[in-house]
K.L.:
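Here you go, one structure.
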Amino acid sequence: MKIAREFYQRSSLEVARDLLGLVIVHQTEEGITKGKIVEVEAYMGTLDAAAHSFKNTRSPRTEVQYGEGGYAYIYLIYGMYYCMNIVTNIIDKPEVVLLRALEPMEGIELMKQRRKTDKLNNLCSGPGKLCSAMGINKSSYGVDLCGTQLYLETPEIRESIETIASKRINIDYAGEAKDYLWRFTIKDSKFISVKR
DNA sequence: CGGAAGATTTCT
DNA sequence: GAAATCTTCCGA
């Protein structure tokens with residue numbers, strides 16, 4: 001079942017935890033790909049020194065964060081890789097959740113082709129990798145996740161999930177915010193990004 | 001308008 | 001351990 005708007009209209013921390021185990025779906029001309037979310041990070045907007053919208057720095061890039069929850073926030077990092085975020089909360093609360101790793105479920109051949117590797121646990125184990133595998137790029141910026149092209153759904157079989165909280169990755173510049181336990185992973189998943 | 005740095009990945 | 005590579009942001 002497709003996830004509805006209300007799901008996204010809460011704080012990033014709540015949404016981030018609940019995202020684990022859900023399935024992200026992307027329909028493209030090349031085909032459909034699906035992956036189970038196994039690793040995310042919450043970014044808490046104006047209060048969070050690691051967030052792009054820290055101190056209300058509104059700009060063309062962060063604009064979509066200021067709208068209501070349930071839209072895609074996508075940006076290019078290091079001039080090479082895209083990162084997929086989900087906008088959460090209500091209007092004028094610029095919070096997002098970064099998707100960091102997926103467990104490939106459907107369209108795996110297409111993922112292998114896009115990523116140029118055959119190793120299952122190397123297809124989506126990082127924010128840049130999963131965007132590459134799913135075929136996500138700048139053209140999906142601002143897309144409505146309650147639409148038909150790019151959206152989330154509940155898995156057909158609901159397994160019980162054990163969640164682990166840890167420090168976020170590669171935000172050493174963020175002062176004390178770098179120690180917040182706002183990264184969430186599924187315990188024992190083989191598909192999370194490796195380093196800590 | 002110029003320069004620096006980045007929510008990463010890959011190769012050596 | 002360092003390169004690849006370019007958009008975005010900030011200061012002048």
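Since the structure is predicted, the reported quantities are computational estimates derived from the model, not experimental observations.
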K.L.:
Select one nucleotide: of B:dA7, C:dC6, B:dT10, the one nearest the side-chain heavy atoms of A:R100.
P.N.:
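Closest nucleotide among those given: B:dA7.
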K.L.:
Counting only heavy atoms not in A:K55 (residues, nucleotides, ligands), do more than 12 fall under 6.0 Å from its NZ?
P.N.:
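Counting neighbours around NZ of A:K55, 12 or fewer heavy atoms of other residues, nucleotides or ligands fall under 6.0 Å, so no.
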K.L.:
For A:L152, which of A:L19, A:V25, A:V23 qualifies under side chain to side chain contact (heavy atoms under 4.5 Å, CB included)?
P.N.:
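That would be A:L19; it is the only one of A:L19, A:V25, A:V23 passing the side chain to side chain contact (heavy atoms under 4.5 Å, CB included) with A:L152.
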K.L.:
Rounding to an integer number of angstrom, what distance separates C:dT5 and B:dG2 when you compare their P atoms?
P.N.:
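Comparing P positions in C:dT5 and B:dG2 gives a spacing of 23 Å.
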K.L.:
Once hydrogens and angles are ignored, does a donor-acceptor distance under 3.5 Å link the base of B:dA5 to the side chain of A:Y173?
P.N.:
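No, the side chain and the base share no sub-3.5 Å donor-acceptor pair.
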K.L.:
With respect to the phosphate group of C:dC9, does any side-chain polar atom (N or O) of A:S59 fall under 4.0 Å of OP1 or OP2?
P.N.:
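So the side chain of A:S59 is within the cut-off, an N or O lying under 4.0 Å from OP1 or OP2 of C:dC9.
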K.L.:
Measuring to OP1 and OP2 of B:dT10, would you say a side-chain N or O of A:R115 lies under 4.0 angstrom away?
P.N.:
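Answer is yes, contact under 4.0 Å.
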K.L.:
Answer yes or no on whether A:R168 is positioned over the face of A:Y43, meaning its NZ or CZ is under 6.0 Å from the six-membered ring centre and within 45° of the axis.
P.N.:
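Yes; both conditions hold, so A:R168 lies above the ring face of A:Y43.
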K.L.:
Check whether any side-chain N or O of A:N170 sits under 4.0 Å from OP1 or OP2 of B:dA7, and answer yes or no.
P.N.:
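No, because none of the side-chain N or O atoms of A:N170 sits under 4.0 Å from OP1 or OP2 of B:dA7.
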K.L.:
Remember a base hit wins even if backbone is also touched, and classify A:L98 as base, sugar-phosphate or nothing at under 4.0 Å, heavy atoms.
P.N.:
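Contact class for A:L98: base.
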K.L.:
What is the distance, rounded to the nearest whole Å, between atom CD1 of A:I192 and atom C1' of B:dA7?
P.N.:
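The distance from CD1 of A:I192 to C1' of B:dA7 comes to 17 Å, rounded to the nearest Å.
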K.L.:
Would you mind classifying the nucleic acid contact of A:V40 as base, sugar-phosphate or nothing, using non-hydrogen atoms under 4.0 angstrom?
P.N.:
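The answer is nothing, as A:V40 stays clear of every strand by at least 4.0 Å.
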K.L.:
So, A:Y73 versus A:Y71, ring centres under 6.0 angstrom or not?
P.N.:
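That pair fails the under 6.0 Å test.
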K.L.:
Measure centre to centre between the rings of A:Y75 and A:H52, then say whether the value is under 6.0 Å.
P.N.:
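That pair passes the under 6.0 Å test.
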K.L.:
Within this structure, what is the NZ-to-P distance between A:K116 and B:dT9, rounded to whole angstrom?
P.N.:
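Rounded to the whole Å, the gap is 16 Å.
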K.L.:
Is A:K138 touching bases, backbone alone, or none of the nucleic acid, heavy atoms closer than 4.0 Å?
P.N.:
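Here A:K138 touches the backbone only, sparing every base.
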K.L.:
Verify the stacking flag for A:Y78 against B:dG6: centroid separation must be under 5.5 angstrom and the ring planes must differ by under 30 degrees.
P.N.:
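No, A:Y78 does not stack on the base of B:dG6.
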K.L.:
Nearest whole Å is fine: how far is B:dA5 C1' from A:R61 CZ?
P.N.:
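It works out to 11 Å between those atoms.
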K.L.:
Mind checking who B:dA7 pairs with, Watson-Crick or G-U wobble, both distances under 3.5 Å?
P.N.:
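Matched B:dA7 with nothing under the 3.5 Å cut-off.
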K.L.:
Rounded to the nearest Å, what distance is computed from the CG atom of residue A:N122 to the C1' atom of nucleotide B:dC11?
P.N.:
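Those two atoms, CG and C1', are 13 Å apart.
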